[in-house]
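Excluded from the calculations below are hydrogen atoms, water molecules and symmetry mates; all remaining heavy atoms, backbone and side chain alike, are included. Chain A is the first sequence line, chain B the second, and so forth, proteins listed ahead of strands; every chain is numbered from 1.
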Amino acid sequence: MSELVRVDEWTWEIPASARDDMRVPARIFADEEILAEIAGDLSLDQLQNVATLPGVTGAAIAMPDIHQGYGFPVGGVAATELPDGVVSPGGVGYDINCGVRLLALPISERELGPRREALVHEISRAIPAGAGKHGGVRLSDEHLDAVLRDGPRALPDVRPDDIERTESEGRLDGAEPAAVSERARLRGRDQLGTMGSGNHFVELQEVAEVLDPVAARAFGLAAGQVTVLIHSGSRGLGHQVCTDYVKLMDARLAAYRIHLPDRQLACAPASSPEGRRYLGAMAAAANFAWANRQAIADSVRRAVRTVLGDAVAAGTEQVYDVAHNVAKVEVHGGKRVCVHRKGATRAFPAGSEEIPERYRDVGQPVFIPGSMGTASFVLVGQPGALERSFGTTCHGAGRRLSRTAARRRVHGSELRRELEARGIVVRCPSPKGLAEEAPLAYKDVDRVVRVVERAGLARRVARLVPLGVVKG
Amino acid sequence: MYRFVEHTAELELELEEESAEGVLLEALRAFAELTGRGRGALVERPVDVEAPDLPMLLAAWLEELLFLAETERLLPEDAELSVRGARATGIVRGRRGSPRPLVKAVTLHRLRLRPDNGVWRGRVVLDV
């Protein structure tokens with residue numbers, strides 16, 4: 001911490017001179033309280049480790065939701081200059097394209113009324129949850145290949161507007177189903193449409209406050225409106241893809257004369273056979289994740305139809321779907337770079353051709369889930385993100401307590417009672433899992449969002465509060 | 001013995017035993033604590049796990065248990081293992097069931113398996 005230099009009110013840097021092996025500075029968007037929270041863990045050491053990656057350019061960057069992870073800190077961003085800068089599977093993480101999708105229902109919380117509990121219950125029945133939980137869409141080999149190649153487009157009856165309102169339209173170019181191992185295919189084969197465990201959830205929400213009426217209108221959001229936020233990823237398939245390629249690249253480090261301070265940062269030049277193959281497998285897993293969230297959204301619409309009728313289901317529109325864990329080839333500052341986002345969200349401003357035409361005048365929607373029972377935010381990407389963070393902002397509140405510490409401080413059954421006393425319907429099979437995701441385990445999402453807004457990365461559009469939560 | 005140590009986001013597991021086999025067996029017991037027990041008849045499953053070095057063997061062993069739990073619903077209870085170099089062979093015993101929320105993956109972050117003053121020490125961070 002002694003090397004930390006304040007650049008401006010919301011930006012701090014550890015200069016590249018702090019360690020012999022750092023190639024660029026480590027930059028942190030934070031306030032003093034956030035910095036104090038991470039002082040006791042390895043977050044900043046991990047960020048400095050990222051700054052040693054061959055080809056890393058600009059700075060190794062951390063968002064205000066930064067916390068200790070493995071290899072990269074969660075909330076970490078690193079761009080490597082192509083063609084020879086590295087790609088690091090650990091810099092994307094095991095849950096490739098873990099991300100969030102927001103659906104907006106054409107009714108208000110008042111109109112939903114007493115049917116709230118029935119809707120949450122029906123959503124929990126419709127979506128298999130839990131780790132390794134099967135019971136999703138079982139795919140043939142051919143259909144799995146199609147999902148890996150084309151994402152949600154490979155699913156039946158997908159609405160074109162859902163595709164249009166998904167980052168990269170739900171399909172990363174260059175996906176290589178053949179680069180996905182048999183073990184990965186076995187793990188993912190019947191997990192499509194399942195939520196997973198840990199911090200994954202589906203939350204029924206109300207738009208409690210509109211902070212930017214112009215952007216909210218463009219996103220189809222109004223005060224009082226009911227929304228559904230879906231948080232899930234590429235399930236066992238993505239976990240195995242990362243496992244396979246971390247091991248492959250670990251074995252090739254010496255051949256590429258790469259020396260790393262942490263084995264989990266295993267990497268290879270993006271232009272190498274290993275790098276190209278990983279990018280093909282990662283794109284396939286990312287496409288699987290978008291198809292997974294599409295299948296979950298379809299289940300949500302079925303639940304809406306059961307409880308609220310055909311017209312409400314038909315009028316349930318996707319606002320957007322964004323990835324939190326991904327590596328993408330982008331152009332920043334005239335350089336072609338591979339941007340690793342590990343627990344971070346792309347946040348392109350108005351005018352970007354990478355975002356849907358309907359949002360191009362206001363900017364890309366970004367969703368920041370708070371902790372369970374607190375607020376979530378809809379943001380919009382700002383020009384500062386392109387100038388300062390490779391077009392990136394934060395992805396959530398960020399953990400501050402370990403799961404064990406959270407369980408020591410709160411019981412799942414007590415938390416359930418507290419949430420229900422506030423009118424929040426809870427469906428979670430495990431009291432232990434509920435306690436691990438208690439609000440006190442996370443940073444204050446309002447403060448995290450304030451930092452990215454003041455730093456010019458993204459601007460607040462709307463504040464959403466929970467009506468019900470379904471957890472894995 | 002095994003114990004979980006504090007980690008903000010994930011689960012860090014520390015292991016200590018008299019042999020490399022012992023560390024792998026303790027890792028199985030820690031994994032079993034996370035997944036819970038299955039039901040019905042005891043099932044035996046042959047295993048053969050090889051890695052480039054000892055720390056990677058610890059990671060590969062846990063990955064194998066994760067794979068068996070997720071794809072075969074095999075919740076491990078015990079194993080008979082022989083470690084030669086960085087290869088472990090033997091059988092895993094367990095019962096079929098529905099695993100409790102599982103680890104997603106086994107990371108290489110802070111990974112360790114080595115003899116140290118007469119005991120074998122292992123450490124592994126699990127992505128949960």
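Residue Glu18(B) places its CD atom among 12 or fewer non-hydrogen atoms of other residues, nucleotides or ligands, all under 6.0 Å distant. Remark: Arg37(B) CZ is loosely packed, at most 12 non-hydrogen atoms of other residues, nucleotides or ligands lying under 6.0 Å away.
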#### Entry: Worked check of side-chain contact (heavy atoms from CB on, under 4.5 Å) between Thr404(A) and Phe4(B)
CA-CA 9 Å; Thr404(A) 318; Phe4(B) 291 105; 5.6 Å; no

### Task
Report the C-alpha separation of Glu63(B) and Lys247(A) in whole Å, then their side-chain angles, then the decisive distance to 0.1 Å, and conclude whether the side-chain contact (heavy atoms from CB on, under 4.5 Å) test is met.
CA-CA 12 Å; Glu63(B) 280 164 18; Lys247(A) 284 198 291 192; 2.7 Å; yes

### Query
Does the pair Asp250(A) and Met56(B) meet the rule for a side-chain contact (heavy atoms from CB on, under 4.5 Å), with working shown?
CA-CA 10 Å; Asp250(A) 176 75; Met56(B) 289 293 272; 3.7 Å; yes

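Judged as a ring pair (Phe, Tyr, Trp, His ring centres under 6.0 Å), and not counting sequence neighbours, the contacts of His395(A) are His324(A). Considering only residues two or more places apart in sequence or on other chains, Phe72(A) meets the ring pair (Phe, Tyr, Trp, His ring centres under 6.0 Å) condition with His340(A).
Within the model, atoms NZ of Lys104(B) and SG of Cys98(A) stand 5.5 Å from one another, a figure rounded to the nearest 0.5 Å. Note: Thr8(B) OG1 to Arg400(A) CZ = 10.5 Å, rounded to the nearest 0.5 Å. Arg185(A) CZ to Thr71(B) OG1: the interatomic distance, rounded to the nearest 0.5 Å, is 15.0 Å.
Residue Glu436(A) does not touch chain B at all, counting heavy-atom pairs closer than 4.5 Å. Contacts of Ala405(A) with chain B are made by both backbone and side-chain atoms, with heavy-atom separations under 4.5 Å. Residue Leu42(A) touches chain B through its side chain alone, counting heavy-atom pairs closer than 4.5 Å.
Among Arg189(A), Arg399(A), Gln68(A), the residue making the largest number of heavy-atom pairs under 4.5 Å with chain B is Gln68(A).
Looking only at distances, a side-chain donor or acceptor of Gln264(A) sits under 3.5 Å from a matching main-chain atom of Leu108(B). Proximity of a side-chain donor or acceptor of His7(B) to a complementary backbone N or O of Gly69(A) within less than 3.5 Å is detected. Under a 3.5 Å cut-off, the side chain of Tyr70(A) and the backbone N or O of Glu10(B) do not form any donor-acceptor pair.
Evaluated for a side chain to side chain donor-acceptor pair (under 3.5 Å) with Glu70(B), the options Arg183(A), Arg187(A), His239(A) yield exactly one hit, Arg187(A).
Here the closest heavy-atom approach between residue Val106(B) and residue Tyr94(A) is recorded as O-OH, 3.1 Å.
A donor-acceptor pair shorter than 3.5 Å can be found between the side chains of Asp262(A) and His109(B).
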